[in-house]
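First up is the structure itself, then whatever we jot down about it.
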Amino acid sequence: MTQTTDGATGWRTSPRVVVPVLGVTQILAWGSSYYLPAVLAQPIASDTGWSLSWVVGGLSLGLLIAGLASPLVGRRIRQHGGRPVLAVSALLLSAGLLGLALAPNLPVFLAAWLIIGCGMGAGLYDPAFSTLGRIYGQGARHLITTLTLFGGFASTACWPLSAFLVAELGWRGACATYAAIHLFICLPLYLFALPKEAVQKRARPSVPIETNDMPAVEPPSRGIFLLLAVTIMVGSAVSTVISVHLLTILQARDISLAAAVALGALVGPSQVSARFIEMLVGRYHHPIWTKIASVSLVALGLGLLWGNVPLVYLTLIFYGAGIGLESIARGTLPLVLFGPDDYAPIMGKLARPSLIAQAAAPSIGALLIETFDAHLALGVVVTVAGVNVLIAWALFGATRRHR
């Protein structure tokens, strides 16, 4: 291990330390924020008498705040590194979850989600990707892919944990437990296992730069940035609508709730499988191909589902693989196009429209289903997913001309 200027040993810059630390904290951050209402919403509504739509709306409010805060988060990571920003995210998530646990009324409950939203903006995928980009430069590409493998297990790990905590401690006890986890597990991991800014500057040689990344000689045009932002935003909106309303869509095809849940469970393993394959082969191609594959698989899977193909499980495998690759493309493509120096602020700017779209998507999906029906609503989503394929190919043409 190499010796750094502050006397610390190089273990804190080793991917074998940094990636698992970020992986564990990502599972806990996603599981106690984005995936929390899936288990806790109904118990909260039943216990308090608050409207279920308002209870679930807390997540939309949090995503909106996360989107608005993301550009500031990106700038702070560029200025100070990822370690202090991620540490603040643990404090914010802990405070927000404690606020949920103690909320005496709905306004305080929603105010707590404002704090959680700030923590989400500072602690989910985009800040974690940006942290890897600062530490390892272009060499972070395959590490970002590895990190998404951890993230794919967030619901798998935390949904059962949340259900257990609710059964044993109630929903308030579950929120308080997650608050303690962020304070006593995630915060120390960030502070003691991630490198300080001085270490980050010396860390990049520890992972070789992949020559096939082909960084651009000149900064990409504004048009490339806009195309990238739009395709990420559209992809996020599509995946959020489907994740919230998939069971409703499946049941509209006369599939029982139990069977719909079993089919929906295929999405998670499909994500992880696609990410694992990308981890093996990603170094051999430009990440624009990962992006094209992701949007194409999403459109194919949803299109087959809308077309009433009998093999429903196959459509969901395609869809799951597509959104699994989308997370990788979201982290690796900006790194290759814009380089590591501007990576953190670029990720912050890209995250804003994406998170705002995610905040609005559940309500838009519900409106489509109520106005038309589940089948026609899915047709609208399929059309949007198809348009996103065209946007991705336009981005491919723009980046090819630029390179």
Side-chain angles (χ1 to χ4, degrees), residues 148 152 224 226-250 252-253 255 260 263-264 266-275 277-278 281-282 285-334 350 353-354 357-358 360-362 364-365 367-369 372-400:
T148 62
I224 290 177
L226 290 176
L227 285 171
L228 181 60
V230 170
T231 187
I232 291 175
M233 178 186 69
V234 173
S236 297
V238 168
S239 64
T240 303
V241 168
I242 296 301
S243 67
V244 172
H245 299 289
L246 178 60
L247 297 184
T248 301
I249 292 170
L250 292 176
R253 293 187 56 177
I255 298 174
L263 288 168
L266 294 172
V267 174
S270 301
Q271 291 184 60
V272 175
S273 299
R275 290 169 181 171
I277 294 172
E278 172 67 14
V281 304
H285 61 259
H286 193 282
I288 187 65
W289 292 109
T290 306
K291 179 64 183 177
I292 290 174
S294 72
V295 297
S296 299
L297 285 168
V298 167
L300 175 62
L302 295 180
L304 293 174
L305 182 62
W306 181 63
N308 290 321
V309 172
L311 302 177
V312 178
Y313 68 89
L314 187 61
T315 70
L316 295 178
I317 289 174
F318 285 145
Y319 166 74
I323 61 174
L325 293 177
E326 170 62 27
S327 298
I328 297 174
R330 176 176 177 165
T332 58
L333 187 53
L350 291 172
S354 172
Q358 286 180 278
I364 294 174
L367 179 63
L368 288 172
I369 292 173
F372 305 105
D373 57 36
H375 182 70
L376 288 177
L378 179 59
V380 173
V381 175
V382 169
T383 302
V384 174
V387 170
N388 204 26
V389 175
L390 299 179
I391 297 172
W393 278 105
L395 177 62
F396 167 78
T399 55
R400 185 177 183 181

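Between Glu326 and Ile232, the closest side-chain pair of non-hydrogen atoms falls below 4.5 Å.
Between Leu228 and Pro334, the closest heavy-atom pair is CD2-CG, 3.9 Å. Scanning all heavy atoms of the two residues, the minimum distance from Ala392 to Val295 falls at CB-CG2, 3.7 Å. Shown here for Ala398 and Leu227, the closest heavy-atom pair between the two residues is CB-CD1, 4.1 Å. Taking both residues in full, the closest heavy atoms of Ser270 and Leu266 are given as OG-O, 2.7 Å, listed atom of the first, atom of the second, then distance. Annotation for Tyr319 and Val238: closest pair OH-O, 4.5 Å, computed over non-hydrogen atoms.
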Determine, step by step, whether Val298 and Ile242 satisfy the side-chain contact (heavy atoms from CB on, under 4.5 Å) criterion, reporting the C-alpha distance in whole Å, the side-chain angles of both residues, the deciding distance to 0.1 Å, and the verdict.
-> CA-CA 11 Å; Val298 167; Ile242 296 301; over 6 Å; no
Might you work through the side-chain contact (heavy atoms from CB on, under 4.5 Å) test for Leu304 and Phe318, ending with a clear yes or no?
-> CA-CA 9 Å; Leu304 293 174; Phe318 285 145; 3.9 Å; yes
Would you sort out whether Arg275 and Ser327 count as a side-chain contact (heavy atoms from CB on, under 4.5 Å), showing the intermediate values?
-> CA-CA 9 Å; Arg275 290 169 181 171; Ser327 298; 2.9 Å; yes
Step by step, work out the side-chain contact (heavy atoms from CB on, under 4.5 Å) result for Ile369 and His245.
-> CA-CA 9 Å; Ile369 292 173; His245 299 289; 3.8 Å; yes
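Between the Ser294 side chain and the Lys291 main chain, a donor and an acceptor come within less than 3.5 Å of each other. Side-chain atoms of Ser296 do not come within 3.5 Å of backbone N or O of Ala293 as any donor-acceptor pair.
Scanning for side-chain contact (heavy atoms from CB on, under 4.5 Å) contacts around Thr332 gives Arg141, Ile144, Thr145, Pro287, Ile328, with sequence neighbours left out. A search for side-chain contact (heavy atoms from CB on, under 4.5 Å) contacts involving Ala260 returns Leu247, Leu250, Gln251, Ile255, not counting sequence neighbours.
We find the CD1-CD1 distance between Ile391 and Ile292 to be 12.5 Å, quoted to the nearest 0.5 Å. Taken to the nearest 0.5 Å, the CG atom of Leu368 stands 9.5 Å off from the CG atom of Leu376. Distance check, rounded to the nearest 0.5 Å: OG1 of Thr231 to CG of Leu333 gives 9.0 Å. With values rounded to the nearest 0.5 angstrom, Ser354 atom OG is found 3.5 Å from Arg330 atom CZ. In this structure, Leu325 CG and Thr148 OG1 are separated by 9.0 Å, a value rounded to the nearest 0.5 Å. Once rounded to the nearest 0.5 Å, the distance linking OG1 of Thr240 with CD of Gln358 reads 4.0 Å.
Taking the six-membered ring for Trp and thresholds of 30 and 60 degrees, His375 and Trp306 have nearly parallel ring planes, at less than 30 degrees apart.
The closest side-chain donor-acceptor pair between Thr290 and Glu278 falls under 3.5 angstrom.
Partner Trp393 forms a side chain to side chain contact (heavy atoms under 4.5 Å, CB included) with one of Leu390, Leu395, Val389 and no other, that one being Val389.
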N/O donor to acceptor pairs below 3.5 angstrom from side-chain atoms of residues 307-317, sequence neighbours left out:
from	atom 1	to	atom 2	distance (Å)
Asn308	OD1	Arg253	NE	3.4
Thr315	OG1	Val312	O	2.6

